[in-house]
Amino acid sequence: QQQVKQSPQSLIVQKGGISIINCAYENTAFDYFPWYQQFPGKGPALLIAIRPDVSEKKEGRFTISFNKSAKQFSLHIMDSQPGDSATYFCAAPARLSFGAGTTVTVRA
Amino acid sequence: DGGITQSPKYLFRKEGQNVTLSCEQNLNHDAMYWYRQDPGQGLRLIYYSQIVNDFQKGDIAEGYSVSREKKESFPLTVTSAQKNPTAFYLCASRSPAFHTDTQYFGPGTRLTVL
């Protein structure tokens, strides 16, 4: 059973726009919230992660926002580029469950 | 150059055959994992191993088997009992660093049943 619920399933954004992906979790014992990026035909790779003692972490154009009270964490892709077109997964910190994935398409 | 290797990249299986997918890591990670990926379904856990000579079933273990005789290696056998094996298979290992909990994935093996 999935320990994290991810939405939306897919999204299309224009170049330069903002992509937002959400992930909801149930287990309040989780203490590490990662996002993985996967290109077609490749294995996923860690993109960015956050610990619950901070509400936001930014790495370049990628930002994680963490809302502990709502039990949600989100990935924001600012100034989206065609090279960001990929599938993004959130993961349960127990590492045994991934979200269903969000396919992001950035149109030039 | 550290990382995880999977072989072969593509594999074709006839009905009734067992096939073995290779996964090797030189990251000195204790934990290793096998996932299956189908379109639109994300990653589903097949088996995982926390230490050598020990492994546990994941959510979809039926029709699969594994072994963990060496820390570096975690091969997956897809048996004839797996009724729908066509999928993309991913192996991963986990960094033991406190509070990072990062999984490192191999490049995957695409298995097709003919």
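In this structure, chain A has a heavy atom under 4.5 Å from the side chain of B:Gln37, while its backbone stays farther away.
With sequence neighbours excluded, no residue forms a salt bridge (Lys or Arg N to Asp or Glu O under 4.0 Å) with A:Asp79.
Other residues, nucleotides and ligands contribute more than 12 heavy atoms inside 6.0 Å of the CZ atom of A:Arg61. Shown here is B:Lys71, whose NZ atom has more than 12 heavy atoms of other residues, nucleotides or ligands within 6.0 Å. Other residues, nucleotides and ligands place more than 12 heavy atoms under 6.0 Å from the CD atom of A:Glu56.
At a threshold of 4.5 Å between non-hydrogen side-chain atoms, the residues B:Leu90 and A:Gln38 count as touching. Contact annotation: the side chain of B:Thr102 approaches that of A:Tyr32 to within less than 4.5 Å [non-hydrogen atoms, C-beta and beyond].
Note that CG of A:Leu46 and OH of B:Tyr104 are 7.0 Å apart. Values are rounded to the nearest 0.5 Å.
Between the side chain of A:Tyr36 and the backbone N or O of B:Gln103 there is at least one donor-acceptor pair closer than 3.5 Å.
In the hydrophobic clustering of this structure, B:Ile60 does not group with B:Tyr48; members are Ile, Leu, Val, Met, Phe, Trp, Tyr whose side-chain heavy atoms approach within less than 4.5 Å, directly or through other members.
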